[in-house]
Amino acid sequence: MSPSADESQRLASVPDRPVLEGLEAKWDAAWEASGIYRFDEGRPRGEVFSIDTPPPTVSGSLHVGHVFSYTHTDIIARHRRMAGQAVFYPMGWDDNGLPTERRVQNYYGVRCDPSLPYDPAFAPPPDAGRPSAVAKRRTIAVSRPNFIELCEELTASDEQAFEGLFRRIGLSVDWTRTYATIDAHCRRVSQLAFLENLERGEAYQIEAPSLWDVTFQTAVAQAELDDREVPGTYHKLRFRRTEGSGGAAGATVTTADHDNTDGSGGAAAVATAADRGNTDGGSDVWIDTTRPELVPSCVALVAHPDDSRYKPLFGSTVRTPVFDVEVPVLAHPLADPDKGTGIAMICTFGDTADVTWWRELDLPVRTVIGRDGRFAAEPPAAIKSPTGQATYARLAGKTAAAARTEIAAVFAQSGDIDGEPRPITHPVKFFEKGDRPLEIVSSRQWYIRNGGRDDDLRQALIDRGTQMNWVPSYMRARYESWIAGLSGDWLISRQRFFGVPIPLWYRLDTDGSPIWDDPIRPEAGTLPVDPSADCPPGCDESQRGRPGGFVGDPDVMDTWATSSLTPQIATGWRTDEDLYASTFPMDMRPQAHDIIRTWLFSTVVRAHFDAGAVPWHNCALSGWILDPDRKKMSKSRGNVQVPTDLLDRYGADAVRYWAACGRPGTDTAFDEQQFRIGRRLAVKLLNASKFVLRFDELDDEAASEVKRRERALGTGLDAGAVPAGATEPLDRSMLHRLAGLVEEASRALNAFDYARALERTESFFWAFTDDHIELAKARAYGEHGTAAAVSARLSLRIALRVLQQLFAPFMPFVAEEVWSWWHTSSVHASTWPESSRLRAAAGDAGPLPGAVAAAVLGEVRRAKSEAKRPLRTEVERATVTDKAERIAVLERVAADVCAAGRITDLATVEGDEFSVQAQLAPETSP
RNA sequence: GGGCGCGUAGCUCAGGCGGUUCAGAGCGCUUCCCUUACAAGGAAGAGGCCGGGGGUUCAAGUCCCUCCGCGCCCACCA
């Protein structure tokens, strides 16, 4: 505890007026210089605590939500470090993918045109970064390599700013260990993991209908879907029954491009009695649809197998309105009798239900909407009638929305629509980053298996969830419900530019068509590769795109396909086996609860495949920041708080305090009042520390005795030595309660409940300053003799030391500052306090002496307060009534109570009800 | 439609396994005080049928059921 004589030369003296200003820069620099947050690679796995830090998306700026959740992780990291573990705490930047592309497009006013050649002389436009100027001119088309250069340039400067902010809030990250999801290391890990998935059959490509964003013109994954309630319109459309069809059981269904009969069709009963209402006297079938423009892609109608209204029609055919295509009426349990008219048209493809029906009923494809979201120029081959073809021509080239308006008019004119379209509100699938509804188009894509099509794998992944500790525990339900609802494998290929390329090439046949089934893989050791620029083994650039040559896979992987590997990326998987062995599976994954279905789940999938293990033992979910109106704070809402502004006004420790008050997993309202409270706490720690440590400077017998004892103690808190110093009941009682605090705070932190640890520490601290210090103050000044003063000062110093340590994970700057006044090494490298030593120091003292003394002092203060007299008012006589046991205790701390309360004469009376009668000294006229 | 979470002082929230820190904290509000660490402080005070209703128990914010309100997750949404 006490420095040796020569060390004391270097100790900062206790300032007369300590302030918080300047502490952040001072200590950030000191920590950087000393490298105290560097990971100690030599430590065995059991002594390591490794953290899978979330790489923030580098697409703009950090907001208070980041400060909030990253602080939570840092608190845990700092506690583990003090508890003796080697903390592995890297930082990553998620800079690949669509968010960066969008930011680059807007920032520079450019768009990527992959057909352009690289322009080595290209310079960013001069108006870059000025949105108003950029918006006024046309976007500049740039080549893919130039575009990627712009992405790299912008993310590099963003990342610097991010690191600056994270340092400012005191994250004890090992800044020598950073990665960016687009850097060579991440691309290599990402491609290698993909190739290993491919090798083991966990990755595959297939041509299939998939969710497609028409704005960004890329496939998207189920995990990136948002349901949004949007207005729509029900159109009730007429499908005419085919003559001679369905009138007899077992009618054969034939269409031009479809030769399957569905399983239930043959069982269709005679369609007469039952087909009332909706089938309009046996000749028409009416369906409700919100997407009438998809009628040209209609391939069937479908109703529930048990629906008596439509049973007679199963196996028959109907003709689509205007387009006049014959389609079968089929049965499928997915059809809901209560929706619309109870019978639906199946289009290729209007929604995911269409895909299910299409697949399970083995229906043909009649595509109308292309990758650009517009109707294709040519109608499906099934549309043969001149009217149908002419009508389609009116839709060609239109967006879905425009085509809908157009076709509604056509149906109205032809009399195939019943009544007015009825407006409804219904949920529609959107890409979470998009603002136009998703379409479903068929395309060739890469997938990684995730249990969506495999019940054994699904169960295995759910089981992985039970092998991890969830904080808070109920969050696991979200993980499980997500997996249970998976409807397909994980689509990882994206038709975008700034991402990790799919590391494959395809041979071209003699016609120049790719041979998809047998991709060419890169040689080990050449990763990362860019198939659009690099050549496959044994080939040269002249063969690219030529018949008999090769072509590179044009796609990149989705950003989650790389960020699902953050544990592997950070821990040296396949690159540093020693590091990997000492840090993987990791100990902790902190993250927000809204990305359980994406980041958390996909990480579990990858670790399950490449390690056969969970990626980490603990997942700590943090909540969101809500604005005062309880809305989620997000950039799109325009209600974000800029962290630098808050840091300027309140300081990092105060901001961290606010963050630490948010319970794990709980959304927290942004409350500026909390920053003030945090700041006040930090100031109080400065002042209390100053008060306690200043006794050291007194030139009296007690001071030298305290010094002598501490020198003898060495590290300061050895059991057996301290009790000899802390002799007074009040002091020992305080140490007793302090021991309880240490136990509680340690327990809470070990369970990731930083908020409880802080609350208890803070609560103890205020009681310590309000009551204990006040009670012990006079004695500490030596008013009751040297021995009593030594006890007071020594126990104050013991408590202060522990409190500074308990606060260190939460308020690292002010804790380091006050620690530095009497230590030469960092509080963050000190050893987390142990309650056993404090208990030994407390001896047989229980909580009672402190509690009784504080209760009496409180009553005396109240008497003065109610009499509207200053607290320094003398009490001529105080009479305390209390139970015998407490009276006995009070008598042992009477001197302290009298001094703190300025009580001249303290009398005691035994009684059941606690009360204090205080007779104040008469007011003296000024 | 299924699931999860939450409803405790005006506000923001604590209240691990039911019983003397269970009715709490901070803010806000009221009053007082420049007290030898702290006036960008400090001391004290008022304020709540712990969402409603049942039940289990000697005893229920604390367990069970139910209802009401709010939030979130999931869902094939014609």
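In what follows, chains carry the letters A, B, and so on, assigned in the order in which the sequence lines appear, proteins first and then strands, with residues in each chain numbered from 1. For clarity, every value in this text was computed on a predicted model and none was experimentally measured.
- Side-chain to base pairing of A:Arg747 with B:G16: one donor and one acceptor N or O lie within less than 3.5 Å of each other.
- A:Arg17 comes within 4.0 angstrom of the backbone, heavy atoms only, and of no base.
- In this structure, A:Arg760 places its CZ atom 11 Å from C1' of B:G24, rounding to the nearest Å.
- Protein atom CD of A:Glu866 is 13 Å distant from nucleotide atom P of B:C32, rounded to whole Å.
- A:Phe807 contributes atom CZ, which lies 6.5 Å from atom CG of A:Leu758 (distance to the nearest 0.5 angstrom).
- Pairing for B:G71 goes to B:C4, judged as Watson-Crick or G-U wobble with the two contacts each under 3.5 Å.
- Judged as a side-chain hydrogen bond (donor to acceptor under 3.5 Å, both in side chains), and not counting sequence neighbours, A:Asp338 has no contacts.
- For the 3.5 Å distance criterion, the side chains of A:Gln804 and A:Trp822 qualify, holding a donor opposite an acceptor.
- Taking the six-membered ring where tryptophan is involved, the planes of A:Phe675 and A:Tyr650 are essentially parallel, since the angle between them stays under 30° and well short of 60°.
- Between A:Arg680 and B:C27, a side-chain N or O to OP1/OP2 separation shorter than 4.0 Å is present.
- Using a 4.0 Å heavy-atom cutoff across all strands shown, A:Ile677 reaches sugar-phosphate atoms only and no base atom.
- Rounded to whole angstrom, the span from the CZ atom of A:Arg478 across to the P atom of B:A75 amounts to 13 Å.
- A:Thr356 comes within 4.0 angstrom of no nucleic acid atom, judged by non-hydrogen atoms across all strands.
- Here B:U62 sits opposite no nucleotide as a Watson-Crick or G-U wobble pair (both hydrogen-bonding atom distances under 3.5 Å).
- In a base pair of the Watson-Crick type (N1 to N3 plus N6-O4 or O6-N4) or a G-U wobble (N1-O2 and O6-N3), with each distance short of 3.5 Å, B:U35 is matched with no nucleotide.
- B:G26 and B:A46 are spaced 14 Å apart, taking the P atom of each and rounding to whole Å.
- B:G61 shows a glycosidic angle within 90° of 0 and is accordingly assigned syn.
- Look at the P atom in both B:A9 and B:G61: the space between them is 15 Å, to the nearest Å.
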